[in-house]
There are 2 protein chains.
Amino acid sequence: MKDSEKDYCPLAYTMSLIGTKWKPLALFHLIPGSMRSGLLQKKMPEISNKMFTQTVRELERDGLISRKVFPVVPPKVEYELTGKGRSLEDILQRLDKWGSEQS
Amino acid sequence: MKDSEKDYCPLAYTMSLIGTKWKPLALFHLIPGSMRSGLLQKKMPEISNKMFTQTVRELERDGLISRKVFPVVPPKVEYELTGKGRSLEDILQRLDKWGSEQS
DNA sequence: CCGTATCCCTAATGATACTG
DNA sequence: CAGTATCATTAGGGATACGG
């Protein structure tokens with residue numbers, strides 16, 4: 001999104017980073033700590049392989065999570081919230097809590 | 001979304017209600033109080049006519065805003081946050097604040 | 001195990017014109 | 001002023017197969 005839009009309304013900028021079906025969920029699952037790629041994907045049973053990769057790639061690109069590759073066989077990859085990602089923890093918790101409180 | 005998914009993760013349910021480009025923005029602009037349809041749309045200069053109508057319709061359907069029609073000419077319509085919508089105020093403020101704090 | 005590449009389909013969004 | 005209808009476009013998403 002353009003900077004002009006961000007200045008116009010920061011909320012729109014926030015949503016451009018996490019306003020999708022899967023991103024908040026992925027971030028939420030990473031709150032307890034770093035997690036292997038396969039396990040994180042298992043936490044979102046209905047996500048397709050393609051969307052999972054796309055989701056974590058964009059979250060990494062936007063600096064919300066970090067990706068760590070272990071040079072072992074079989075391959076091992078872990079994802080973890082960055083400082084920027086952790087700064088969303090409270091908001092994610094509130095969004096989750098709000099959902100649980102609705103009829 | 002299915003109830004099973006909601007139970008699985010309330011966050012997903014929340015995002016199904018407000019996890020779009022325009023919905024959080026519309027709700028945010030209504031925080032100060034009720035607003036005429038035309039003015040609300042002006043607050044989101046880049047939204048198309050079609051998307052604006054769709055956005056407010058869905059927010060109304062989901063009980064987050066109310067729609068009040070005044071029987072006058074020219075037509076006058078006002079939108080306002082419902083109790084359920086107001087319960088999101090704090091979260092919306094935080095999302096906006098988070099966006100403003102990013103580089 | 002992890003990720004990419006490809007193909008395909010549907011849903012989301014935009015532009016324009018029109019009605020009460 | 002507010003909203004609808006239509007058409008055209010694009011982005012989102014899923015299935016499958018393959019590669020490091």
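Since the model is a prediction, treat every value here as computed from it, not as a measurement. Here is the naming used below: chain letters follow the sequence lines, and residue numbers restart at 1 for every chain.
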Participant: How about A:His29 and A:Leu40: do any of their side-chain heavy atoms sit closer than 4.5 Å?
Facilitator: yes
Participant: Are B:Tyr79 and D:dA2 close enough that a side-chain N or O sits under 4.0 Å from OP1 or OP2?
Facilitator: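 Looking at the OP1 and OP2 atoms of D:dA2, neither is under 4.0 Å from any side-chain N or O of B:Tyr79.
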Participant: Any chance you could measure A:Leu81, atom CG, to A:Arg86, atom CZ, to the nearest 0.5 Å?
Facilitator: 6.5 Å
Participant: Under 4.0 Å, heavy atoms only, any strand: does A:Thr53 hit a base, just the sugar-phosphate, or nothing?
Facilitator: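 Since a base atom lies under 4.0 Å of A:Thr53, the category is base.
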Participant: Provide, to the nearest angstrom, the distance between the CD atom belonging to B:Glu78 and the C1' atom belonging to D:dC1.
Facilitator: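 In whole Å, D:dC1 C1' lies 13 Å from B:Glu78 CD.
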Participant: Would you give the length of the straight line joining atom CD of B:Gln102 to atom CG of A:Leu64, rounded to the nearest 0.5 angstrom?
Facilitator: 8.0 Å
Participant: Let's see if you can work this out: which of D:dG3, D:dA2, C:dG3 has an atom nearest to the side-chain heavy atoms of B:Arg36?
Facilitator: D:dA2
Participant: Whole-Å distance between D:dC1 C1' and B:Leu40 CG?
Facilitator: 14 Å
Participant: Is the shortest heavy-atom distance from the side chain of B:Trp98 to the side chain of A:Leu17 under 4.5 Å?
Facilitator: yes
Participant: Measure from CE on A:Met35 to P on C:dC1 and round the result to the nearest Å.
Facilitator: 17 Å
Participant: So, taking the atom named SG in B:Cys9 and the one named CE in A:Met44, what distance separates them when rounded to the nearest 0.5 Å?
Facilitator: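 Those atoms lie 10.0 Å apart.
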Participant: May I have the distance from B:Lys76 (atom NZ) to D:dC1 (atom P), rounded to whole angstrom?
Facilitator: 13 Å
Participant: So B:Tyr79 and B:Phe52, would you call those rings parallel, tilted or perpendicular, with 30° and 60° as cut-offs?
Facilitator: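 Plane angle over 60°, so perpendicular.
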Participant: How would you summarise protein contacts on nucleotides 13-20 of chain C per nucleotide, using B for base, S for sugar-phosphate only and - for none, with heavy-atom distances below 4.0 Å?
Facilitator: BBB----B
Participant: Measure the distance from CD on B:Gln41 to P on D:dG3 and round it to the nearest whole Å.
Facilitator: 9 Å
Participant: Specify the separation, in whole Å, of atom CZ of A:Phe52 and atom P of D:dG14.
Facilitator: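 Checked: the CZ to P distance equals 14 Å.
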Participant: Do the side-chain N or O atoms of B:Arg57 get closer than 4.0 angstrom to the phosphate oxygens (OP1, OP2) of D:dT4?
Facilitator: yes
